[in-house]
Protein chains: 4
Amino acid sequence: MSPRTKEQFEAIRNEKEKLILEVALSLFAKNGFESTSVSMIAKKAGISKGLMYSYFKSKEDLLKEIILNGLNRFIDFLKIEDPNNIQKQELINFIDGNFSLLKSNSDFYKLYFSLSLQPKVLAVLEAEIATLFGKFFSAFNNYFEKKGDKNPYVKTRYLLAIFDGVGLHYLVDTKNYPLDETRDIIVDLL
Amino acid sequence: MSPRTKEQFEAIRNEKEKLILEVALSLFAKNGFESTSVSMIAKKAGISKGLMYSYFKSKEDLLKEIILNGLNRFIDFLKIEDPNNIQKQELINFIDGNFSLLKSNSDFYKLYFSLSLQPKVLAVLEAEIATLFGKFFSAFNNYFEKKGDKNPYVKTRYLLAIFDGVGLHYLVDTKNYPLDETRDIIVDLL
Amino acid sequence: MSPRTKEQFEAIRNEKEKLILEVALSLFAKNGFESTSVSMIAKKAGISKGLMYSYFKSKEDLLKEIILNGLNRFIDFLKIEDPNNIQKQELINFIDGNFSLLKSNSDFYKLYFSLSLQPKVLAVLEAEIATLFGKFFSAFNNYFEKKGDKNPYVKTRYLLAIFDGVGLHYLVDTKNYPLDETRDIIVDLL
Amino acid sequence: MSPRTKEQFEAIRNEKEKLILEVALSLFAKNGFESTSVSMIAKKAGISKGLMYSYFKSKEDLLKEIILNGLNRFIDFLKIEDPNNIQKQELINFIDGNFSLLKSNSDFYKLYFSLSLQPKVLAVLEAEIATLFGKFFSAFNNYFEKKGDKNPYVKTRYLLAIFDGVGLHYLVDTKNYPLDETRDIIVDLL
DNA sequence: CATGAATGAGGTTTCATTCAT
DNA sequence: TATGAATGAAACCTCATTCAT
C-alpha cells in the first residue's frame with residue numbers, strides 16, 4: 001500500500017468531521033443538547049471520545065459548529081438581484097426554500113428552536129444570527145415599503161414570526177400539519 | 001409550647017411551595033431545565049436542597065407542577081357560551097388574554113417553548129396538553145366552519161401556529177416586537 | 001374531663017413505645033434496618049418523627065431495644081430445675097418453645113438473622129447475646145455430658161447450629177418447610 | 001505513540017473488574033451491602049468513584065455480579081454421574097467442597113447469608129438461585145429415595161438447612177467452631 | 001491518528017436528626 | 001407532649017475532559 005497523500009488524509013478528516021456533525025445534530029435534536037453525552041455521539045459515530053476531541057475542542061464547540069453549518073444553508077435561499085427593486089418571486093423562492101429545508105432538515109430546526117430561548121448557548125453566535133436575521137428583515141421590509149404597505153415594519157416582523165410558528169407546529173406534529181396549504185396562505189400575504 | 005396547628009403548617013407549606021415554584025420557573029426559563037440545578041433553585045429560594053425534596057418528589061416533578069400550573073391559566077381565557085354559535089368577541093378575548101399572559105408571565109412561555117420540542121420531558125403531561133390544545137382547536141375550527149371559511153382546518157392550524165410564532169419572537173426580542181399591532185392583524189383574520 | 005393521672009400518662013407512654021417497637025420490627029424485618037427510614041416508621045405508627053425521638057434517642061437505639069426485647073423472650077423457654085441433672089423433657093420444651101416463637105414471631109428472627117453477620121450493629125449487645133447463648137450451650141452440653149455422649153461439645157454446637165439453619169430455611173420458605181417433622185428429628189438427637 | 005491494542009484494553013478491564021469485585025465483596029461481607037458506600041469501595045480499590053460506574057452499571061449491579069460469581073463456584077462441587085444412581089461418595093464430595101469453600105471464601109457466604117432474608121435485593125437472581133437450590137435438592141432427595149429413607153423430602157430439607165446453620169455458626173465463631181467434626185456427623189446422615 | 005481508562009467536579013436524591021412552635 | 005419544616009452530610013450516579021499508550 002502506498003502511503004496516503006496529504007489530500008487523502010484531508011478527505012478522511014473532512015468526511016469524519018461531517019459524520020460527527022451529522023450524528024451529533026440528530027442526537028441533539030432528539031434528546032436536547034444537555035441530555036446528549038459525548039459518549040453517545042462517539043458511539044453512534046463509531047469513533048472514540050478522544051478522537052472527537054481532536055475534531056472539536058469541546059462539546060459546546062461542536063454545537064456551535066452545527067449551528068453555524070445550519071445557518072449557512074439559509075442564506076442561499078435569499079437571492080435578491082436588486083435590493084431596491086425586490087421581486088415577489090424572489091421572496092416566494094425564499095419561502096419555498098425555507099419550507100423545503102424544514103422538511104429535509106428538520107433536525108436542525110428542532111435544535112435551533114429549542115435553543116433559541118437559551119441565550120447563553122447561542123450568545124457566541126449572536127453576531128452571525130443577527131446578520132442573518134437582518135438580511136431577511138431587510139428584504140421583506142424593503143419589499144413591503146416599496147409595495148406601499150401601511151406598516152411595513154409590523155408586517156415584516158409578523159411574517160418572520162409566522163415562519164417560525166409554522167415551523168414549530170410542523171415539527172411538533174409533522175404528520176398532520178398542512179404545510180403546503182399554509183405556504184399558500186403566507187404567499188398571499190406578499 | 002404548643003405545636004403549630006394544622007392550618008399553620010399548611011400555610012407554611014403553601015407559601016414555600018409557591019416560592020419554590022416561582023424561583024424554579026424563573027431559573028428554568030432563563031437557563032433551561034437541564035442547565036438549572038436543584039442547588040441553584042435552593043440557593044435562590046433561600047432553602048436547603050433537602051427541603052425542596054420535601055415539597056416535590058423530584059426535579060422533574062417540580063417541572064411538571066410548574067407546567068401544569070402554567071397551563072391552567074390558559075383555560076380561563078377561553079370562555080365559550082354556546083359551542084354551536086361561537087362569538088367573534090369570545091375568540092378576541094382569548095387572544096387578548098393570551099397576549100396579556102405572554103407579557104405578564106413570559107417565563108412560563110419561555111420554558112414551555114424550550115421544552116415543546118423535547119417530547120420526553122413533556123411526555124407525562126401529553127394528555128393534559130392534548131386536551132388543552134384540542135379545546136383551542138375546536139373553538140377556532142368551529143368558528144371558521146360556521147363562518148363558511150373555505151378551509152377551516154388549515155386556517156385554524158395556521159392561526160394557532162401564528163400565536164406561537166409571535167410569542168416566540170416577542171420573547172426573543174421583547175423590547176422591540178410590535179405585539180399590539182400584531183394583535184390587530186391577527187384579530188382581522190377572524 | 002379530669003386531668004390524667006401520672007399512671008395514665010405512663011400507660012400511654014408504654015403503649016406508644018410498644019407500638020413503635022412493633023411497627024419498627026415489622027419494617028426492619030421486611031426491608032432491613034438500613035432500608036427502613038425513621039419517616040416510614042413514624043408514618044406507620046401514626047406519630048411524628050419528633051415524637052419517635054422522644055421515645056428512642058436514635059434509630060440505632062430503637063434497634064437495640066427491639067433486639068433486647070426479642071432476646072428476652074428466649075430465656076423463658078429454658079427452664080432447668082437442677083443444672084446437674086437436666087431432664088430431656090426440659091430441652092424438648094425449649095425446642096418447642098423456640099419453634100413456636102419462630103412461627104409466631106418470625107419478624108424478630110428475620111431481623112436477627114440478617115444482622116447476625118454484621119457485628120457492628122450487634123456489638124453493643126454482644127454481652128447479652130453471649131450470656132444467652134452461653135446458657136443454651138451449658139444446658140445442652142451438660143445434658144450430653146451426663147448422658148455420656150462421645151463428644152458433647154461438638155454435638156451441642158452442632159445442635160445449636162441446626163436450630164438456626166432450620167429457622168433460616170423456614171423463614172425463607174415458610175409455606176413449604178416441614179417444620180414439625182424436622183422438630184421430631186431434632187428431638188431424636190437428644 | 002500507537003494506541004493500546006484490544007487485548008491490552010481487555011486485560012486492563014479484566015484485572016480491574018476483578019479487583020473491584022474482590023474489594024466490594026470483602027466490604028459487603030464486613031459491613032453489609034447497604035452500609036458499604038461506593039466511596040468506600042473506590043477508596044479501598046484505589047480508584048475513583050466514577051471508574052466503578054464504568055465497570056458496573058450501579059452498586060446493585062455490582063452486588064449481582066458478586067453473587068453470580070459466588071454461586072457459580074458451587075455448581076462445580078456437585079458432580080453426579082448417573083442421576084438415577086447417585087453415589088454416596090458424590091454427595092460427600094459435595095459436602096467437602098462446600099465446607100472447603102466456606103473456609104476459603106467466607107466473605108461470600110457472609111454476604112449471602114446476610115442477604116438471604118431480604119428478598120428484594122436478591123429478587124433479580126431468584127431464578128438462578130432457585131435453579132441451583134433445585135439441583136442440590138434433587139441430588140439429595142433422589143439419593144434418600146433410592147436408599148429407601150422413610151421421608152426423603154423432610155430429610156433433604158433438614159440436611160440442606162443443617163448446611164446453612166453450620167455455615168452460619170462457623171462464620172460467627174470461626175475460631176472455635178468444630179467444622180471438621182461436624183462434617184463427620186453430617187456425612188453419617190447419608 | 002486513535003483508543004478508552006481514568007478522573008473529578010458536580011448533579012440528583014435520601015435521611016437521621018434538630019428545633020421552633 | 002407533639003408536630004413536621006428544615007438542615008446538612010453523605011449517598012448514588014453522570015459526564016466532559018484528559019492522557020498514557
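So you know, we letter chains A, B, ... as the sequences are listed, proteins then strands, and number each from 1.
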Of residues 23-43 of chain B, the positions that come close to DNA chain E - non-hydrogen atoms, cut-off under 4.0 Å: B/T36, B/S37, B/V38
Touch class at under 4.0 angstrom, heavy-atom based, for B/T5 against every strand present: nothing
side-chain contact (heavy atoms from CB on, under 4.5 Å) involving D/S106 - partner list, sequence neighbours excluded: D/L171
Neighbours of DNA chain E within residues 62-69 of chain A, by heavy-atom distance under 4.0 Å: none
Produce the list of close N/O pairs, under 3.5 Å, pairing protein atoms with atoms of nucleotides 5-7 of chain E; give distances to one decimal.
| from | atom 1 | to | atom 2 | distance (Å) |
| --- | --- | --- | --- | --- |
| E/dA5 | OP2 | D/R13 | NH1 | 2.3 |
| E/dA6 | OP1 | D/K16 | NZ | 3.0 |
| E/dA6 | OP2 | D/Y55 | OH | 2.8 |
| E/dA6 | N6 | A/K49 | NZ | 3.3 |
| E/dT7 | OP2 | D/S48 | N | 3.0 |
| E/dT7 | OP2 | D/S48 | OG | 3.2 |

Non-neighbouring partners of A/S48 that pass side-chain contact (heavy atoms from CB on, under 4.5 Å), sequence neighbours left out: A/L51
Helical stems, DNA chain F - three or more consecutive Watson-Crick or G-U wobble pairs below 3.5 Å: E:2-21 with F:2-21
Interatomic distance where CZ belongs to A/F56 and P belongs to E/dA2 [whole Å]: 14 Å
With sequence neighbours excluded, residues passing ring pair (Phe, Tyr, Trp, His ring centres under 6.0 Å) with C/Y55: none
Residue-phosphate contact under 4.0 Å: D/Y53 side-chain N/O, F/dT14 OP1/OP2: no
Side chains of residues 13-21 of chain B: which donor-acceptor partners sit under 3.5 Å, not counting sequence neighbours?
| from | atom 1 | to | atom 2 | distance (Å) |
| --- | --- | --- | --- | --- |
| B/R13 | NH2 | B/S54 | O | 2.6 |
| B/N14 | ND2 | B/E10 | O | 3.4 |

Side-chain donor-acceptor pairs under 3.5 Å in residues 25-33 of chain A, sequence neighbours left out?
| from | atom 1 | to | atom 2 | distance (Å) |
| --- | --- | --- | --- | --- |
| A/S26 | OG | A/V23 | O | 2.9 |
| A/S26 | OG | A/K44 | NZ | 3.2 |
| A/N31 | ND2 | A/L27 | O | 3.4 |

Spacing between C/E15 atom CD and F/dA2 atom P, to the nearest angstrom: 12 Å
Interatomic distance, C/K59 NZ vs E/dT14 C1' [rounded to whole Å]: 11 Å
Ring pair (Phe, Tyr, Trp, His ring centres under 6.0 Å) involving D/Y109 - partner list, sequence neighbours excluded: D/F74
Stepwise side chain to side chain contact (heavy atoms under 4.5 Å, CB included) check, B/R4 with B/I12: CA-CA 10 Å; B/R4 276 181 271 226; B/I12 291 175; 3.5 Å; yes
Partners meeting ring pair (Phe, Tyr, Trp, His ring centres under 6.0 Å) with B/Y53 (sequence neighbours left out): none
side-chain contact (heavy atoms from CB on, under 4.5 Å) partners for B/I129, two or more places apart: B/L71, B/Y112, B/L122, B/L125
